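Input: a single structure, listed below in structure tokens.
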Amino acid sequence: MTDKLLRLAIMISGRGSNMEAVIKSVDQGLLNVKLAVVISNNPEAKGIDVARKYKIPVYVFEIKDYKSKDEYEKAIVKLLYEYEAGLVALAGYMKIVGPVMLRAFKDRIINIHPSLLPAFKGLKAQKQAVDYGVRYSGCSVHFVNDTLDGGPVILQEAVPVDIDDTEETLSSKILKYEHILFSQAIKLYSENRLKIVNNKVKII
Ligand code: GAR
């Protein structure tokens, strides 16, 4: 039974609160996956200690230690294979995923982004939303492909933006929803309920 569980790898660059929310969902029995491994590209990431606290194997890969981005990603893919990862969840992983990882894990990498895509792609999505003056922003979980924040959308949640919101206040409002949405998307994936059809995600 156990060996049929989806083996999840989580990649982080920083705080790791989305990662922790996923870990808690698993601990509470809401999400039936095996947390196989956590990878950080940043040795200073706070999330590393969080993963250790939950006794999940954590590895750091720094791009500067490799000749090229391809070599960096080859090393990551090797580890992901060793841990038999079935899905890679990017939880605040702030690097663009390159062709090596995309090929090795085609349609098996998902990302959480703090905006209602396709609005406000890239960095500082919450600041972009505040600066633009939109009434709603939110968060999206999507499959990762070779277009930045442009892969098929799995789930989204809208969050109202107040006129007085700052980047910080909006970020924390959105984060609460991120913590729910990411586990929901992973759950759907783990239950084989996501099908990509014409670049859109059908939930079966
Ligand atoms: C989250 O808000 C996540 O959506 C965002 O970084 C934060 C990471 O927080 N990701 C991106 O902006 C990716 N483009 P966390 O480390 O506490 O999960």
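Since we're looking at a predicted model, the values are computed, not measured. Read the numbers this way: they start at 1 and go in the same order the structure lists the ligands and their atoms. Throughout, numbering of the chain's residues begins at 1 and tracks the sequence. Computed over heavy atoms, backbone and side chain alike; hydrogens, waters and symmetry mates excluded.
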Inset, instruction - Mind listing the closest non-hydrogen atom pair of Ile112 and Val141 along with its distance? - result: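 That closest heavy-atom pairing would be CD1-CG2, 3.8 Å.
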Inset, instruction - Give the minimum heavy-atom separation between Ile39 and Phe61, together with the two atoms involved. - result: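 Where Ile39 meets Phe61 most closely, the heavy atoms are CG2-CD1, 3.6 Å.
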Decide whether an N or O pair under 3.5 Å exists between [X] and ligand 1.
X	answer
Gly16	yes
Asn18	yes
Arg15	yes

Inset, instruction - Determine, using heavy atoms of Met94 and all atoms of ligand 1, whether some pair is separated by less than 4.0 Å. - result: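 Yes, that is the case, since the closest heavy atom of the residue is under 4.0 Å from the ligand.
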Legend entry - Any side-chain donor near an acceptor of the partner, Ser13 and Asn42, under 3.5 Å: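 No.
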Who's the nearest protein heavy-atom neighbour of [atom], and how far?
atom	answer
atom 14 (N) of ligand 1	His113 ND1, 3.3 Å
atom 15 (P) of ligand 1	Ser17 N, 3.4 Å
atom 5 (C) of ligand 1	Pro114 CD, 3.8 Å
atom 1 (C) of ligand 1	Glu178 OE1, 3.2 Å
atom 10 (N) of ligand 1	Ile112 O, 3.7 Å

Legend entry - Contacts of type ring-ring contact (aromatic ring centres under 6.0 Å, His included), residue Tyr59, not counting sequence neighbours: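 If we apply the ring-ring contact (aromatic ring centres under 6.0 Å, His included) test to Tyr59, skipping adjacent residues, the hits are Tyr83.
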Inset, instruction - Using modelled atom types only, decide if a donor and an acceptor are shared between the side chain of Asp165 and the backbone of Asp162 within a distance under 3.5 Å. - result: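 Looks like yes, one N/O pair under 3.5 Å.
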Legend entry - Residue list, side-chain hydrogen bond (donor to acceptor under 3.5 Å, both in side chains) with Lys78, at least two apart or on another chain: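 Once residues adjacent in sequence are excluded, the partners of Lys78 under the side-chain hydrogen bond (donor to acceptor under 3.5 Å, both in side chains) criterion are Glu82.
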Inset, instruction - Nearest heavy atom to atom 8 (C) of ligand 1 wins, so pick from Gly47, Gly92, Ala45. - result: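 Residue with the shortest heavy-atom distance to the ligand atom: Gly92.
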Inset, instruction - Decide whether Ile154 and Leu6 are clustered together by the hydrophobic rule: side chain heavy atoms of Ile, Leu, Val, Met, Phe, Trp, Tyr closer than 4.5 Å, transitively. - result: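 Yes, same cluster.
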